[in-house]
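In the text below, chain A, chain B and the rest are named by the order of the sequence lines, each starting its count at 1. Values below: all heavy atoms of this structure, side chains included; hydrogens, waters and symmetry mates excluded. Just so we're clear, the structure is a prediction, and the values are computed from it rather than from any experiment.
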Amino acid sequence: MNIKKLRNRKIFILAFLIVCTGIIITFLPSLARFKNRNPLDISTVWDGTVAASYRSGSGTKSDPYIISSGKELSYFSNMLKNTSYEGKYFELSNDIILNNGLFSYEDTPTYTLNNSKFYIKNKTNDYYDNQEFSGIKIGTLNSFNSLDNFKGHFNGNFYTIYGLYITSSNSDSGLFTNLLGEVKNLYVTNSLIEGGSTTGGIASSATNATIKNVLFSGNVIGNKEIKKETEQLPLNDLNLIENQTENIVIPTRQKNGTITNATLTGTCTTNFNLNDKNIECQNSTFEVTLDNNYSNSIEIKASVALSLTNMTLNLSYNIGYTGGLIGVGENITIENAINKANVVASDTAGGLIALAKDKINITQSYNSGNINTVPTYSGLVGVIENLNTTSTIKNSYNNSGNNSGFVGNVFNSQNLLTIENSFEAGKNYAFIKKIENSKVTFNNVYSIGTNVFKEQDVEGTVNTINSDTLKNKDFMINTLKFNEFQSAENQESNQNFAWLYEPNELPTLFIDDLQNPIATLHVGTNSWNSLGFDDKKIYYQSNVAFRIEEISNVRPIKEAYYYIQRSDELLSTKDLENISWEPYEETISLTENGSYCVYAKVIDTNNHVYYINSDLIIIDSEKPEVKIMGLNKEWSTYTENLSNTFINSNTEFSITATDDISGLKSIQYLLSDTPLNISTLETSTWEDYQTPISIDSLGSKIIYVKVVDNSNNITYANSDYIVYEGYTLNKMIIGSSNETDRDITEHSKVTYNFTYKELKNIEDNISHYLCANVPFPKSTKITLKDNKNKKVYTHKVTEEKLKIAFTEFKELGKGNMDVYYKEEKIDSTDEDFTIIIDLKDTTLNNGIKGMEIYLELQDTNGSTKRSTIKSTLKAINIHTLSDSIPTISTSYSGNAIDLNSDSVETVDLTLNIEKSLKEEIPVYDSTFDDKLKGLQIKLIDESSNTVEKQYLKNIRFKVGDKYYSPNNDGITRINVGTEQNITLTIFTSSNSTNLKEGSYYFKISSVSAYDGLYSNLKSREEITIPAYIDKQKSDQTYNFNIEEQSDYRILNRSDQNVSLKFLMKYLSNCENPNIRISLYQKNKLTAYDQTYKLLDLQNYTEDPLEKVIDKVYYASKLLNSSTSEFNLNLDLTKFEPNGYKLTFELYDNNKKIGTIDKKFIIR
Amino acid sequence: MKKSKLIIILIIAIFLLFASGITYSIFHSKSNLQSDQKIAKFIFDAEKTDEFEVPIGDLEPNTFKEFSFQVSNNAQGKKSNITLNYQITIKTFHFMPTIIELFKEGIEEPIMTCDETYTRNTDNELVCNSPYQEMPYDTNVLDEYVLKVTFPKEYSGLEYTELVDFIDLNIKSFQKVEK
């Protein structure tokens, strides 16, 4: 920016400078903030509450915590009670208005609101309309709690915290207290901070901290009740002879502050004179109060020999530190910082820092605020003390209104402080008031006032200069290296090009307001009065007009020009000298969509040229474009005319939006079950779109999208009904009952059940299809059951295909008529189909992996209108393997069975179906599902010939409760159902079998058959149970027989008594034959259980019977002949209606030879 | 119980409600009822009860016997002048694993299969009641029935030898009351 000097304005400018600070503090904020920044919108004021979180962010450098309001700033304050956010990043995203009235301080703090001035009661938030604070308070201020112990990075993004009010009885007060981090790019204006003993506008105290690009204005008021501290400094002993005079060596004090009291104490031997004052030595001790000049010298005179020992210099201090930016700073870096605040302190004060210790580096900073304090330890920096490393102040100046110099006091800092390229602009103020035990280096330093320093205290000189020279741009640039700001980009790489120049003004930093604008550039409702460096954007939806306005007729505009830059690039000062300006005559409208930056060039009557530019103006009257995309479809407009788009699986829809002019501000969406009109959309709650929208639940949804560009043009769009529905595969069963296996053999059968509950009406001309993701194998037999309409259809696949129309299925039960499935208008609310896929006739050359079966509805064009919900589908793997076979195993290890004896042998068997394996995965063969397991038992001889039935009459088998005997082919077939583990009992009886002597074998195999009996599918293995016939036993024959001589088969209880007669025949070689008789009753009233229980025959007859054992009696004893008669009178009234048997047993002594049962029933 | 060969066509007139039964004994029973012959014609004008035994000692697994009978409302030109309903009841112990089926001429499926799903009475007899049959007063009715008793082949074990059982066949008629 090239600004020519103004002529003949010295008085006006001087007066303006004096008033400037007051204007900045008290005048309307819109003017004070009128540098190339839009006026602060103070309409949204913090309500004093605390937010629940930051606006966003995680605290990292790339994703900082964003604070956008007073609530969130207050939340920040609360959070700092628990954490210091060490290493974390914070940014402002908005101006923050904490109080919207104007603060001022004139011995008492005041608050001006809506042009009315109110008085703030000391140390409270209340304000009154009178200085006595009587009556009812007018209102309450929003008091802010300091941000304490912050160790992170705070970036204000050049936004403003406005109306900061802190009133505290704490010893530390400031926006930050105990700052150990970084604060940058921040404006804090219209502030009022009333603090304690350590008070600062930005930070009460800061250690290892950095302040950069910060402007602070307002009022910083230190506590009048300041801290008091004491210090004891030991002195060397003093021994004087008569009339000797000596000066006491005063040691360096360690503390700063205003000494309020100094005493000298010690022990003495006699009275003496101190600084011409007689001191009495009482009880060998003395105490002397020193005046404020003690530090110059303490002279001791001895009239007689004198010894002074244990001397101590006792000091009391008042310590209070009040700084415009910082109260107390240790190891501080300040760069591009400005204090304009009024600083009121009771002790040490400074425009930038009140007290700096350890290390201080100040670059390109200045103070223009009033410093009011007694005593006068004040200036740009109040006190610098105890530096322990090289520190520098450069390219900085103090321009305080009153009562200060560049630095108040430098203390205990030998050869460690350098001040260069800096100046003191206040008249008659010492550059440095006091240097104690320090040496300061000056390099190219100027002051309006004259300075004299002790030679030992300084290196170099402070040059005297007049104020006009300090306002000479060339001097400032060439001599003091206050380089002129060029552009924002330039400033980033050349940070010392930071100064703005106005005619007859001290240079100001690029972040500061102009001192003396001449004209205002208005664009719409926004205004600027200088050349700006940032590229903030302002958006309009339609035409906007701009005009150039003279600020005051005291400084009239001679010529005005304008230039419209049609891009978003800012011009540098050099560019502005080379563009073609248009003369400005009247308001000009910007009408076309696009980006503008309006430049104004104004020339005053002294031919000074001023440049002004707007922020980036973007006119965008066009609505953004939007697309909702998914399923290879796009929707880009709002419509109330919706059709259906069907999906059968979770589907994602993405949104893209563009706005070529102003850019996008937000993309939001909502899901609705019902259509929404525009007025409803305008008041709906929207969600920010970040990732594709997933429709993942059944139902019907409409996706609405709202896109807003930065000019607040709004576009709405919506999708069709996204209908997530379809058939549901409820069950898939392999064979008859297996629901879990997925690997099956090629001849298996699979049953599917599909149901559907209609959500949306389906249009006409829709057909059903049975589909698969791999072709149905040729010869697949498919049964289709329409469970709703109770109809069954079949179809045989004649050639491989992926889909089969229902209309190809022929209805069963129609005899010779060919009736096929008929598509009818779907007006029902649900469907229920069972599909049976039977592969038994197929011949696959290769297996099929991952076959999925599903139903679809398609229109006449083949478009799918409804499919099967994908998540319900189940895949099967069909393997071309050999069929499974039955297996049988046993753990039987018994002895060989004597076939000619009464024996009972139990054999535990395990029957299984051996599955084929495909790479160690068992493959299910459903052809076994409907089959039953069975046993086939045969008896073979030594030559492996099957023994004929006629020789097997004494053998029977039992499984469960049932008994089994050989069939005519000599094989006993037993259906065991679906049991896996069974117990086979083999019964033999000693009745003659006529089998020859020798070894025999029971061969037991398992079968799988529909009847559990007859099948060629036998187990590979056979269980072998050895048996034998004993030669000796087989030679014996008994011809035991019982012939009934009376009717006994069906008896009636009503007959009461019956007399039975039996003829017992026997032919034997027994030693002692006897026949025993016992009575049995059927256990169960059924044909299918032929078991009996033993009764006591004696209870059913009055005949005396000779007992053999319990319930067993002799029918004939000691038979002498081959025939014996047995008579038995039964009392039929003792019987229940049931089945019975009389069991006759032939014994040789006690060895049973044979048994004959005689069965009868009693009604 | 006498054994007797019996080829009998019985005519029983029944006017009022009464019951008559025929007992058939099977498996070495004394009756001589032979299969495939009309053994009874029940006419609802008279009442008579007889016991009949069926000699089925040779009823072995995989064989069956059939016994035919008739039910009528007229005989020798005389007819009942009221509408009658009748019900056939079979009673048996069912200690033999037989399938007892009652067929009515003109109906392919048995009108009743007497098995152990029916309940037993206090005498432990399995009681199987057929559906009611109607004989209108104005029609000459002659209903022909066949009782078929089958011994399934699978019951060939030793425990199924020498079994004994009976079958009672009872016909009960009563006047139909119009609603």
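- Residues A:Leu1085 and B:Arg120 meet the side-chain proximity criterion, which asks for heavy atoms closer than 4.5 Å.
- For B:Thr89, the side chain to side chain donor-acceptor pair (under 3.5 Å) partners at least two apart in sequence or on another chain are B:Asn129.
- For the pair B:Asp123/A:Arg1053, a side-chain contact is recorded, criterion being any heavy-atom separation below 4.5 Å from C-beta on.
- A:Tyr1088 has its ring centre less than 6.0 Å from the ring centre of B:Tyr155.
- By the neighbour-count criterion of 12 heavy atoms within 6.0 Å, atom NZ of A:Lys962 is sparsely surrounded, having that number or fewer from other residues, nucleotides or ligands.
- Distance check, rounded to the nearest 0.5 Å: CG of B:Asp165 to NZ of A:Lys1159 gives 12.0 Å.
- Residue-environment remark: NZ (A:Lys1084) stays at or below the threshold of 12 foreign heavy atoms within 6.0 Å.
- Between A:Ile1161 atom CD1 and B:Leu163 atom CG the span is 10.5 Å, to the nearest 0.5 Å.
- Within 6.0 Å of CG on A:Asp961 lie no more than 12 heavy atoms contributed by other residues, nucleotides or ligands.
- With a threshold of 4.5 angstrom between heavy atoms, A:Lys1082 approaches chain B through side-chain atoms but not through N, CA, C or O.
- Interface remark: B:Glu154 contributes no atoms to any contact with chain A (heavy atom separation under 4.5 Å).
- Contact annotation for A:Tyr964: only backbone heavy atoms (N, CA, C, O) come within less than 4.5 Å of a heavy atom of chain B.
- Contacts classified as salt bridge (Lys or Arg N to Asp or Glu O under 4.0 Å) and involving residues 103-114 of chain B (residues at least two apart or in different chains) are given here: B:Lys104-B:Asp143.
- Counting heavy atoms from C-beta outward, B:Phe93 and A:Pro1137 have side chains that approach closer than 4.5 Å.
- Neither the backbone nor the side chain of A:Ile974 has a heavy atom closer than 4.5 Å to any heavy atom of chain B.
- B:Phe95 touches chain A through backbone and side chain together, each having a heavy atom under 4.5 Å away.
- Interface check for chain B: of the options A:Asp1055, A:Asn1138, A:Thr1091, the most heavy-atom pairs under 4.5 Å are formed by A:Asn1138.
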